[in-house]
Amino acid sequence: MPGTIRGMETRVTGWTELNETLFADAWQEELGLHRSDYAFRGCSDAARGLTSTLTRLGDEIETRERHLVRNFRKYAARDAVPVDSPWNWLALGQHHGLPTRLLDWTFSPYVALHFATANLAHATHDAAVWMVDHVQAHRLLPDPLRGRVVEGEGAIVFTTELLGDAVPDLPDLARFGEDFVLFVEPPSFDERIVNQYALFSLTSRPDLSLDEWLEDHPKLWRKVVIPAELKWEVRDKLDQANVTERVLFPGLDGLSAWLARHYLPRRAETDMRSVPALRSD
(Lines give C-alpha, C1' and ligand atoms only; values in the text may rest on other atoms or scores of the structure.)
Protein backbone atom coordinates (compact mmCIF):
# COMPACT_ATOMS: atom_id res chain seq x y z
CA MET A 1 0.00 0.00 0.00
CA PRO A 2 1.58 3.31 -0.99
CA GLY A 3 2.40 5.94 1.60
CA THR A 4 1.11 9.49 1.69
CA ILE A 5 3.73 11.84 0.24
CA ARG A 6 3.73 15.56 1.08
CA GLY A 7 6.72 17.21 -0.52
CA MET A 8 9.73 15.22 0.72
CA GLU A 9 7.73 13.66 3.57
CA THR A 10 6.51 10.07 3.30
CA ARG A 11 4.05 8.51 5.75
CA VAL A 12 4.50 4.74 5.64
CA THR A 13 1.77 2.26 6.44
CA GLY A 14 3.65 -0.94 7.30
CA TRP A 15 6.98 -2.63 8.05
CA THR A 16 7.64 -3.67 4.45
CA GLU A 17 7.03 -0.21 3.05
CA LEU A 18 9.14 1.29 5.82
CA ASN A 19 12.11 -0.88 4.85
CA GLU A 20 11.67 -0.19 1.15
CA THR A 21 11.60 3.54 1.81
CA LEU A 22 14.65 3.57 4.08
CA PHE A 23 16.71 1.48 1.68
CA ALA A 24 15.50 3.12 -1.52
CA ASP A 25 18.22 4.10 -4.00
CA ALA A 26 20.86 2.17 -2.04
CA TRP A 27 22.19 0.18 -5.01
CA GLN A 28 25.62 1.48 -6.14
CA GLU A 29 26.27 0.14 -9.63
CA GLU A 30 29.96 1.09 -9.65
CA LEU A 31 30.53 -0.77 -6.37
CA GLY A 32 28.23 -3.67 -7.03
CA LEU A 33 26.89 -3.18 -3.51
CA HIS A 34 23.88 -1.78 -1.67
CA ARG A 35 25.36 1.28 0.08
CA SER A 36 23.09 4.22 0.82
CA ASP A 37 24.34 7.80 0.46
CA TYR A 38 21.95 8.88 3.23
CA ALA A 39 22.63 9.72 6.84
CA PHE A 40 19.74 8.77 9.13
CA ARG A 41 18.35 10.40 12.28
CA GLY A 42 15.48 8.96 14.31
CA CYS A 43 13.07 11.18 16.25
CA SER A 44 10.45 9.72 18.57
CA ASP A 45 8.14 12.69 17.90
CA ALA A 46 7.68 13.50 14.21
CA ALA A 47 6.71 17.07 15.07
CA ARG A 48 10.22 17.87 16.25
CA GLY A 49 12.58 19.56 13.86
CA LEU A 50 16.35 19.47 13.45
CA THR A 51 17.30 22.06 16.03
CA SER A 52 20.65 21.69 17.78
CA THR A 53 20.99 21.68 21.56
CA LEU A 54 23.08 24.84 21.26
CA THR A 55 20.39 26.89 19.53
CA ARG A 56 17.88 25.83 22.19
CA LEU A 57 19.88 27.87 24.72
CA GLY A 58 18.58 31.13 23.27
CA ASP A 59 20.46 34.21 22.09
CA GLU A 60 24.18 35.03 21.93
CA ILE A 61 24.77 31.55 20.58
CA GLU A 62 28.27 32.17 19.24
CA THR A 63 29.45 33.48 22.63
CA ARG A 64 27.81 30.61 24.50
CA GLU A 65 29.40 28.09 22.18
CA ARG A 66 32.86 29.54 22.75
CA HIS A 67 32.44 29.41 26.55
CA LEU A 68 30.98 25.89 26.49
CA VAL A 69 33.76 24.39 24.38
CA ARG A 70 36.54 26.22 26.25
CA ASN A 71 35.32 25.09 29.66
CA PHE A 72 34.56 21.54 28.55
CA ARG A 73 38.07 21.30 27.21
CA LYS A 74 39.50 22.80 30.41
CA TYR A 75 37.71 20.54 32.88
CA ALA A 76 37.65 17.24 30.99
CA ALA A 77 40.42 14.71 31.47
CA ARG A 78 43.53 15.55 29.50
CA ASP A 79 43.57 12.14 27.79
CA ALA A 80 39.84 12.23 26.93
CA VAL A 81 40.53 12.68 23.20
CA PRO A 82 43.06 10.81 21.04
CA VAL A 83 44.44 14.07 19.57
CA ASP A 84 44.15 17.57 21.06
CA SER A 85 41.94 19.07 18.36
CA PRO A 86 38.95 21.44 18.67
CA TRP A 87 36.94 19.05 16.49
CA ASN A 88 37.71 16.09 18.73
CA TRP A 89 36.68 18.09 21.78
CA LEU A 90 33.48 19.25 20.09
CA ALA A 91 32.63 15.68 19.06
CA LEU A 92 33.36 14.36 22.55
CA GLY A 93 31.20 17.08 24.08
CA GLN A 94 28.30 16.24 21.78
CA HIS A 95 28.73 12.55 22.61
CA HIS A 96 28.37 13.32 26.33
CA GLY A 97 25.51 15.80 26.20
CA LEU A 98 27.28 19.16 25.90
CA PRO A 99 25.12 21.68 24.01
CA THR A 100 26.75 22.04 20.59
CA ARG A 101 25.85 22.96 17.02
CA LEU A 102 26.27 19.30 16.07
CA LEU A 103 23.40 16.85 15.51
CA ASP A 104 23.61 13.08 15.93
CA TRP A 105 23.18 10.91 12.84
CA THR A 106 23.94 7.33 11.91
CA PHE A 107 24.83 5.39 8.80
CA SER A 108 22.35 2.69 9.92
CA PRO A 109 18.62 3.03 9.18
CA TYR A 110 17.90 0.47 11.92
CA VAL A 111 19.83 2.43 14.54
CA ALA A 112 17.76 5.47 13.52
CA LEU A 113 14.61 3.36 13.87
CA HIS A 114 15.70 2.42 17.38
CA PHE A 115 15.89 6.05 18.41
CA ALA A 116 12.54 6.72 16.73
CA THR A 117 10.81 4.02 18.79
CA ALA A 118 12.71 3.62 22.08
CA ASN A 119 11.26 6.61 23.94
CA LEU A 120 8.04 5.19 25.37
CA ALA A 121 6.97 8.58 26.72
CA HIS A 122 6.24 9.36 23.04
CA ALA A 123 4.61 6.02 22.27
CA THR A 124 1.36 7.70 21.21
CA HIS A 125 3.16 10.19 18.93
CA ASP A 126 4.07 9.61 15.30
CA ALA A 127 7.83 9.10 14.91
CA ALA A 128 10.12 10.02 12.05
CA VAL A 129 13.40 9.08 10.45
CA TRP A 130 15.15 11.95 8.69
CA MET A 131 17.34 11.04 5.73
CA VAL A 132 19.93 13.47 4.30
CA ASP A 133 22.10 12.70 1.29
CA HIS A 134 25.52 13.53 2.74
CA VAL A 135 27.28 12.83 -0.57
CA GLN A 136 25.24 15.47 -2.39
CA ALA A 137 25.53 17.84 0.59
CA HIS A 138 29.31 17.66 0.33
CA ARG A 139 29.20 18.47 -3.37
CA LEU A 140 27.73 21.84 -2.33
CA LEU A 141 30.64 22.68 -0.03
CA PRO A 142 32.95 25.64 -0.71
CA ASP A 143 35.73 24.67 -3.13
CA PRO A 144 38.55 24.24 -0.56
CA LEU A 145 36.48 21.87 1.57
CA ARG A 146 34.97 19.95 -1.32
CA GLY A 147 38.35 19.57 -2.95
CA ARG A 148 39.85 18.12 0.20
CA VAL A 149 37.26 15.53 1.18
CA VAL A 150 35.40 14.64 -2.03
CA GLU A 151 38.02 15.09 -4.72
CA GLY A 152 41.29 14.90 -2.77
CA GLU A 153 40.72 12.04 -0.33
CA GLY A 154 37.88 10.35 -2.16
CA ALA A 155 36.05 10.17 1.17
CA ILE A 156 32.29 10.33 1.63
CA VAL A 157 32.45 12.11 5.01
CA PHE A 158 35.02 14.04 6.99
CA THR A 159 37.01 12.65 9.87
CA THR A 160 37.98 15.07 12.62
CA GLU A 161 41.55 14.91 11.29
CA LEU A 162 40.52 15.82 7.72
CA LEU A 163 38.35 18.63 9.04
CA GLY A 164 41.17 19.93 11.21
CA ASP A 165 43.53 20.04 8.23
CA ALA A 166 41.06 22.18 6.28
CA VAL A 167 39.55 24.24 9.11
CA PRO A 168 41.83 24.69 12.15
CA ASP A 169 39.12 25.93 14.54
CA LEU A 170 35.39 26.67 14.82
CA PRO A 171 35.61 30.41 14.00
CA ASP A 172 37.42 29.54 10.75
CA LEU A 173 34.21 28.11 9.30
CA ALA A 174 32.94 31.68 8.88
CA ARG A 175 35.76 32.62 6.53
CA PHE A 176 34.06 30.82 3.64
CA GLY A 177 31.27 33.41 3.71
CA GLU A 178 28.42 31.04 2.86
CA ASP A 179 26.06 28.64 4.58
CA PHE A 180 26.81 24.93 4.31
CA VAL A 181 26.46 21.65 6.17
CA LEU A 182 29.03 18.88 6.36
CA PHE A 183 29.10 15.45 7.99
CA VAL A 184 31.95 14.31 10.19
CA GLU A 185 32.62 10.84 11.60
CA PRO A 186 33.90 11.05 15.19
CA PRO A 187 36.80 9.03 16.58
CA SER A 188 35.84 5.74 18.26
CA PHE A 189 35.76 7.24 21.75
CA ASP A 190 33.95 4.18 23.09
CA GLU A 191 31.82 1.20 22.05
CA ARG A 192 28.71 3.36 21.91
CA ILE A 193 30.12 5.40 19.01
CA VAL A 194 31.07 2.21 17.17
CA ASN A 195 27.85 0.29 17.80
CA GLN A 196 25.65 3.23 16.82
CA TYR A 197 27.57 3.69 13.53
CA ALA A 198 27.62 7.37 14.45
CA LEU A 199 28.34 10.56 12.58
CA PHE A 200 27.52 14.21 13.19
CA SER A 201 26.24 17.05 11.04
CA LEU A 202 28.03 20.37 11.41
CA THR A 203 26.59 23.70 10.29
CA SER A 204 28.82 26.53 9.13
CA ARG A 205 27.17 28.94 11.58
CA PRO A 206 26.18 28.12 15.19
CA ASP A 207 22.77 29.72 14.63
CA LEU A 208 22.13 28.02 11.28
CA SER A 209 19.20 25.64 11.66
CA LEU A 210 19.49 22.44 9.65
CA ASP A 211 15.74 22.68 9.01
CA GLU A 212 16.32 26.10 7.47
CA TRP A 213 19.20 24.88 5.29
CA LEU A 214 17.29 21.82 4.06
CA GLU A 215 14.33 23.97 3.03
CA ASP A 216 16.65 25.55 0.48
CA HIS A 217 17.86 22.12 -0.72
CA PRO A 218 14.72 19.97 -1.02
CA LYS A 219 16.35 17.32 -3.22
CA LEU A 220 18.79 16.35 -0.48
CA TRP A 221 16.41 15.02 2.14
CA ARG A 222 13.47 12.81 2.98
CA LYS A 223 11.41 12.52 6.13
CA VAL A 224 9.87 9.11 6.76
CA VAL A 225 6.95 9.34 9.19
CA ILE A 226 6.11 6.24 11.24
CA PRO A 227 2.50 6.30 12.52
CA ALA A 228 2.08 5.79 16.25
CA GLU A 229 0.05 2.63 15.64
CA LEU A 230 3.02 1.09 13.79
CA LYS A 231 5.65 1.86 16.45
CA TRP A 232 5.16 -1.27 18.58
CA GLU A 233 5.53 -3.56 15.57
CA VAL A 234 8.72 -1.76 14.54
CA ARG A 235 9.99 -1.90 18.11
CA ASP A 236 9.31 -5.64 18.44
CA LYS A 237 11.10 -6.43 15.18
CA LEU A 238 14.11 -4.30 16.11
CA ASP A 239 14.32 -6.10 19.45
CA GLN A 240 14.34 -9.46 17.70
CA ALA A 241 17.05 -8.14 15.36
CA ASN A 242 19.09 -7.23 18.50
CA VAL A 243 18.93 -3.47 17.83
CA THR A 244 18.39 -2.51 21.46
CA GLU A 245 19.72 -0.31 24.26
CA ARG A 246 21.79 -3.26 25.49
CA VAL A 247 23.78 -3.20 22.24
CA LEU A 248 23.75 0.52 21.39
CA PHE A 249 24.56 1.69 24.94
CA PRO A 250 26.98 -0.99 26.19
CA GLY A 251 27.11 -1.10 29.97
CA LEU A 252 24.74 -1.25 32.89
CA ASP A 253 22.72 1.84 31.88
CA GLY A 254 21.86 0.36 28.50
CA LEU A 255 21.13 -3.04 30.00
CA SER A 256 18.78 -1.52 32.60
CA ALA A 257 16.95 0.61 30.03
CA TRP A 258 16.47 -2.40 27.75
CA LEU A 259 15.15 -4.61 30.55
CA ALA A 260 12.81 -1.90 31.88
CA ARG A 261 11.29 -1.43 28.45
CA HIS A 262 11.23 -5.14 27.65
CA TYR A 263 9.21 -6.03 30.76
CA LEU A 264 6.88 -3.04 30.71
CA PRO A 265 3.23 -4.18 30.37
CA ARG A 266 2.22 -3.23 26.85
CA ARG A 267 -1.01 -1.54 27.99
CA ALA A 268 0.51 0.43 30.86
CA GLU A 269 0.62 3.74 29.01
CA THR A 270 0.35 5.73 32.24
CA ASP A 271 3.59 4.14 33.48
CA MET A 272 5.66 4.70 30.33
CA ARG A 273 7.33 7.82 31.68
CA SER A 274 8.84 5.78 34.53
CA VAL A 275 11.05 3.80 32.14
CA PRO A 276 14.65 5.10 32.30
CA ALA A 277 15.36 6.95 29.07
CA LEU A 278 18.73 7.19 27.39
CA ARG A 279 19.36 10.17 25.14
CA SER A 280 17.70 9.51 21.83
CA ASP A 281 16.48 12.73 20.17
### Task
Taking atom types as modelled, find out whether His67 and Arg70 have a side-chain donor-acceptor pair closer than 3.5 angstrom.
yes
#### Entry: Test: Arg246 cationic atom under 6.0 Å from Trp258 six-membered ring centre, within 45° of axis
yes
### Message
If hydrophobic residues (ILVMFWY) are linked whenever their side-chain heavy atoms come closer than 4.5 Å, directly or via other members, who joins Leu33 in its cluster?
### Response
Leu31
### Task
State plainly whether the residues Arg66 and Glu62 are in salt-bridge range, i.e. N to O under 4.0 Å.
no
### Query
Of all heavy-atom pairs between Ala127 and Ala46, which one has the smallest distance, and what is that distance?
O-CB, 3.5 Å
### Query
Got a donor-acceptor contact below 3.5 angstrom from the His138 side chain to the Ile156 backbone?
yes
### Message
Looking only at the side chains, is there a donor atom on one of Trp87 and Asp169 sitting less than 3.5 Å from an acceptor on the other?
### Response
no
### Query
Between Phe180 and Leu140, is any pair of side-chain heavy atoms under 4.5 Å apart?
no
### Task
To the nearest 0.5 angstrom, please state how far the CG atom of Leu57 sits from the CD atom of Glu65.
10.5 Å
### Query
Hey, does the side chain of Gln196 reach the backbone of Leu248 with a donor-acceptor pair shorter than 3.5 angstrom?
yes
### Task
Flag the pair Asp45 and Arg48 as a salt bridge only when some basic side-chain nitrogen lies within less than 4.0 angstrom of an acidic carboxylate oxygen.
no
### Message
For Arg11 versus Glu17, what's the shortest heavy-atom pair and its separation?
### Response
O-OE2, 4.4 Å
### Query
Would you find a donor on one side and an acceptor on the other, under 3.5 Å apart, between the side chain of Thr53 and the backbone of Thr100?
yes
### Task
Could you tell me whether Arg222 and Asp25 have a side-chain N and a carboxylate O separated by less than 4.0 Å?
yes
### Query
How long is the gap from CG on Leu255 to NE2 on His262, to the nearest 0.5 Å?
11.5 Å
### Message
Could you tell me if the side chain of Trp221 sits less than 4.5 Å from the side chain of Asp133, heavy atoms only?
### Response
no
### Task
Taking atom types as modelled, find out whether Asn88 and Thr160 have a side-chain donor-acceptor pair closer than 3.5 angstrom.
yes
### Query
Mind checking whether Leu113 and Leu22 have side chains closer than 4.5 Å, heavy atoms only?
yes
### Query
Using the benzene-type ring in the case of Trp, are the ring centres of His217 and Trp213 under 6.0 Å apart?
yes
